[in-house]
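Just below is one structure, and these are the notes that go with it.
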Amino acid sequence: MTAAGSPQGVAARSRRTVQLERRLDVPRWLPYLATLGAVAFALLVSAMILAAVGGDPIRSYLHIVDSAFGDIGVISDTMVKATPLILTGLACALAFRMRLWNIGAEGQLLMGAWGASAVVLVPLLPPGAPALVVIPAMTLAGFAAGALWGFIPGLLKARLAMNEIIATLMLNYVAALWIAFWVFGPWSEGGFQLTAQFPREAWLPRLTDLAAQVPALGGLTVHLGLAFALVAAVALWFILRRSRWGYEIRLTGDSPPAARYAGIDIARNTIAIFMISGGLAGLAGMAEVSGVVHRLQQAISPGYGFTAIIVAYIARFNPLGVIVAAILFGALILAGREIQPAGVPGMIQGIVLFSLIASEVVLRYRIRLVRG
Amino acid sequence: MTSDGSTAPLAIELRGIVKRFPGVVANDGVDFDLRPGEVHALLGENGAGKSTLMNIVAGLYRPDEGEMRVDGRPVRFRSPRDAIAAGLGMIHQHFALVPSQTVTENVLLGLDRPRFLLGLAKHDEEMAALAAGLGLKVDPRAKVWQLSVGEQQRVEVLKMLYRGAHVLIMDEPTAVLAPQEVDELFRTLRAMTASGRSIVFISHKLAEVLAIADRITVMRRGRVTASGIAAAGTSKGDLARLMVGREVLGSVERTMFRPGAVVLSMRDVHAENDKGLPALRGVSLDVRAGEILGIAGVAGNGQSELAQVVTGLRPFLGRIEIAGDVAERRSARDAIRRGVAHVPEDRTGVGSAPNLSITDNLIMKAYREAPIAHGWVIDVSAARRMAESLKDEYSIAAPSIDTLARLLSGGNLQRLILAREIESKPSLLVAVQPTRGLDVGAIEAVHRLLMARREAGAATILISEDLDEILGLSDRVAVIYEGLILGTFDVAEADVQELGLLMTGGTGGLPLEVAPILPGVPGA
Ligand SMILES: Nc1ncnc2c1ncn2[C@@H]1O[C@H](COP(=O)(O)OP(=O)(O)O)[C@@H](O)[C@H]1O
Ligand SMILES: [Mg+2]
């Protein structure tokens with residue numbers, strides 16, 4: 001049976017041990033601190049890995065900072081990268097708030113790009129239509145195509161209780177192949193895997209377009225899509241914090257049985273959230289084709305829709321936090337082009353996500369160092 | 001310390017235990033001792049510090065100050081493993097069992113032996129023998145998910161005994177049990193003390209403590225208010241005073257019964273439970289304005305489903321009219337609009353959103369309408385004003401209206417739910433187990449609120465397993481058994497024996513389950 005000596009043995013020994021105690025109250029500032037800590041920790045670990053493989057972490061980091069924020073030109077480039085990340089990050093953050101795991105922002109982005117391109121390439125508008133007509137039409141089409149791509153898993157989830165993770169993941173492939181079909185086939189430009197360049201009227205205005213009036217803006221490629229993203233973030237923040245509908249989302253996200261008890265139509269909200277989430281991601285796709293690439297091609301996104309998941313997590317699903325996190329990751333993507341080997345920013349991203357998830361422990365438990 | 005003259009050392013001896021959490025001193029210089037072979041009840045309101053104290057004994061928490069001895073030897077536990085090695089086993093309110101495994105597998109889980117081959121058959125027999133020795137009815141081969149809560153609790157007991165525990169600490173073991181299971185648990189506890197083991201029995205229910213304990217220690221706000229007093233010769237009133245710190249009235253005042261028009265009328269209502277089995281099999285009921293209709297019955301006879309069909313949360317067949325208005329199929333939204341308020345059985349899972357603030361929880365039913373809603377926007381300052389005034393009016397004890405609901409104690413959470421439901425000025429109030437798990441002070445407050453609603457002319461359905469509560473509050477009692485209403489009585493004319501009989505389907509003599517909750521009825 002029990003060893004009689006063991007309790008005394010325990011008493012005799014004395015050393016420091018770590019003990020976890022369940023936390024009942026989470027101070028308001030703690031989540032922010034935990035996030036900062038996790039990011040710092042991730043950077044430290046990445047630095048150690050860099051050092052271990054013979055790199056110079058300090059130089060690498062300085063280089064990342066320099067190539068992302070070094071001058072107004074690269075800051076503009078960073079913002080260009082951050083724009084689709086903000087929009088897809090919002091898409092994820094919104095869905096995650098209601099605990100709907102939409103990991104299909106990538107596919108929804110692609111569909112949005114396709115929808116916006118269709119306005120120009122089908123064409124849905126008579127040739128020569130002014131930008132004031134073309135741009136809103138593309139915006140609408142991009143949002144609608146993304147929303148449709150969100151509607152499908154939303155409906156499946158709401159009516160048939162189908163797992164949305166599987167559905168959205170698979171739809172990513174469908175969307176990629178759909179784009180491939182159009183750029184290889186009907187819309188192919190001279191047999192290349194890309195479409196013809198859009199006419200000027202279909203380009204989102206950029207700062208550099210104003211260079212004639214303000215020479216200092218020359219070469220700054222940041223485009224109106226950034227404004228879309230910022231407006232969307234503020235609007236979403238307001239909706240979640242202040243609107244009746246936002247309240248329903250927060251309530252459903254925290255406790256679906258309580259939401260049902262409060263008379264909330266969860267199925268309807270599920271579909272609506274998926275559509276808005278898809279629409280936001282679609283807007284990112286529209287902004288990419290109309291603001292950056294000016295044509296549809298296969299490699300329209302380096303995985304913005306997947307990075308968006310990490311962005312949403314870092315922001316702890318807060319729309320305003322998404323802006324900050326997206327700029328950080330925009331910088332990492334940009335630096336990825338500069339740094340050798342280019343995999344470093346990807347590694348940092350991964351480690352950040354892991355640290356972030358691990359940091360949840362701090363929110364749930366008090367960690368105490370005690371004398372054994 | 002051993003006043004009974006025995007020479008055996010104390011099973012547990014705690015001296016000056018202090019445990020602080022951020023903002024509270026959960027245990028403030030607590031002394032406690034457990035004699036071998038006794039049942040020692042630890043009594044106190046929610047938040048008194050009972051669980052914290054015993055979590056320290058079980059090695060889960062470490063005291064900030066104080067000393068602990070087991071069998072006379074000083075100990076300092078680093079983990080629950082150390083405590084179990086010293087023969088102390090604690091059974092928590094939430095069980096730690098693996099649903100897909102058998103009873104035997106669960107008991108063996110985490111042990112060093114058997115190392116590789118389980119040899120389940122051999123161990124099954126061992127378990128059966130161990131269980132039989134104490135009159136514990138468990139089938140070692142059954143999978144845990146097939147077991148009732150009471151049976152699962154027995155598995156936890158078995159787990160501790162198999163690990164050689166000679167001290168068993170049970171944290172509010174009866175909170176999850178049906179009355180007849182309580183009886184069985186008490187028999188098991190008796191059998192265990194007879195075999196020389198000792199038991200710490202945590203509870204806030206006076207009747208229970210008096211029924212099972214040899215000695216009682218009462219805690220209030222982290223301190224001991226009565227240390228190891230003998231249960232014999234102590235009255236409920238004494239204990240209530242020690243526990244609450246003031247005089248507690250046994251029952252609430254009630255005014256004349258002046259029933260008005262029929263508010264709820266159910267005819268031949270059928271419904272299924274979550275497993276798709278028939279739960280209501282043709283229920284017909286009328287509830288009038290200004291009346292409380294108590295639904296008496298043993299848990300699981302259709303009470304939950306009854307509440308859910310009335311509040312629009314469960315589909316049904318048959319006819320339900322609210323204020324003369326028929327609907328074949330209702331929704332929760334529709335029920336809310338018609339003035340049906342619901343105090344649900346599951347307060348943390350259904351009745352509140354744990355990670356939202358008190359304010360957000362209080363507007364759960366009111367957020368669609370003025371003054372909280374302003375078109376599609378929620379008027380945050382109006383919501384906060386309402387929350388502040390409800391927090392005061394219903395004495396919800398919390399640092400602020402921004403406090404998260406999950407940080408509220410059971411009694412305060414129930415006050416929050418009642419505040420919200422009553423504030424909607426319902427014409428029909430459905431209250432399910434409104435005082436389960438609450439301490440005397442909180443129970444009294446809840447009873448007062450229900451009575452006040454009745455005065456105001458609301459129709460109320462009170463579903464409770466506590467027959468005392470039903471008889472104390474209701475104007476009429478309906479007995480539910482296997483989805484059927486077996487009879488409805490005016491409370492003044494209701495005969496306790498007959499009610500008890502009906503609650504078990506009207507067979508046999510006086511049913512066992514009524515015994516522990518009715519004063520003056522000789523036990524089995
Ligand atoms: N892990 C914890 N962190 C912070 N406070 C706690 C923790 N556990 C308990 N408390 C607080 O300590 C007090 C005593 O709680 P508890 O021991 O659970 O009381 P009881 O079991 O008597 O209801 C309460 O005020 C409770 O909020
Ligand atoms: Mg407790």
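So you know, we letter chains A, B, ... as the sequences are listed, proteins then strands, and number each from 1. It should be emphasised that the depicted structure is a prediction, and the values quoted were computed from it without experimental measurement.
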Open item on the list: Quick check on the interface: out of B/Leu60, B/Asn55, B/Ile363, who has the most heavy-atom pairs with chain A under 4.5 Å?
Closed with: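 So the answer, after comparing B/Leu60, B/Asn55, B/Ile363, is B/Ile363.
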
With a 4.5 angstrom heavy-atom cut-off, could you sort out which part of [X] is near chain A: side chain, backbone, both or neither?
| X | answer |
| --- | --- |
| B/Thr403 | neither |
| B/Ile336 | side chain |
| B/Val380 | side chain |

Heavy atoms of other groups near [X] [atom1], more than 12 under 6.0 Å:
| X | atom1 | answer |
| --- | --- | --- |
| B/Arg337 | CZ | yes |
| B/Glu67 | CD | no |
| A/Tyr32 | OH | no |
| B/Phe21 | CZ | yes |

TODO: Please answer whether the main-chain N or O of A/Asp254 pairs with a side-chain N or O of B/Asn355 as donor and acceptor at a distance below 3.5 Å.
DONE: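 Such a contact is absent between B/Asn355 side chain and A/Asp254 backbone.
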
Task: Main-chain N/O of B/Glu369 paired to A/Arg244 side chain as donor or acceptor, under 3.5 Å - done: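 Flag not set: sc A/Arg244 to bb B/Glu369 has no pair under 3.5 Å.
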
TODO: Using non-hydrogen atoms and a 4.5 Å limit, figure out which bit of A/Ser243 sits close to chain B: side chain, backbone, both or neither.
DONE: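 Both parts, heavy atoms under 4.5 Å.
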
TODO: Measure the spacing between CZ of A/Arg260 and CG of B/Leu313 and express it to the nearest 0.5 Å.
DONE: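 Result: 8.5 Å between the selected atoms.
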
TODO: State the CD-CD1 distance between A/Glu248 and B/Ile378, to the nearest 0.5 angstrom.
DONE: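 Taking CD in A/Glu248 and CD1 in B/Ile378, the distance rounds to 8.5 Å.
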
So do the side chains of [X] and [Y] get within less than 4.5 Å of each other, counting heavy atoms only?
| X | Y | answer |
| --- | --- | --- |
| A/Arg242 | B/Trp376 | no |
| A/Leu251 | B/Tyr367 | no |
| A/Ile264 | B/Arg368 | yes |

Task: Smallest separation among heavy atoms of B/Arg420 and A/Tyr261, with atom names - done: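 Distance-wise, the nearest heavy atoms are NH2-OH, 3.0 Å.
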
Open item on the list: Can you give me the closest heavy-atom contact between B/Pro354 and A/Ser255, atom names plus distance?
Closed with: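 For B/Pro354 versus A/Ser255, the nearest heavy atoms are CD-CB, 4.2 Å.
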
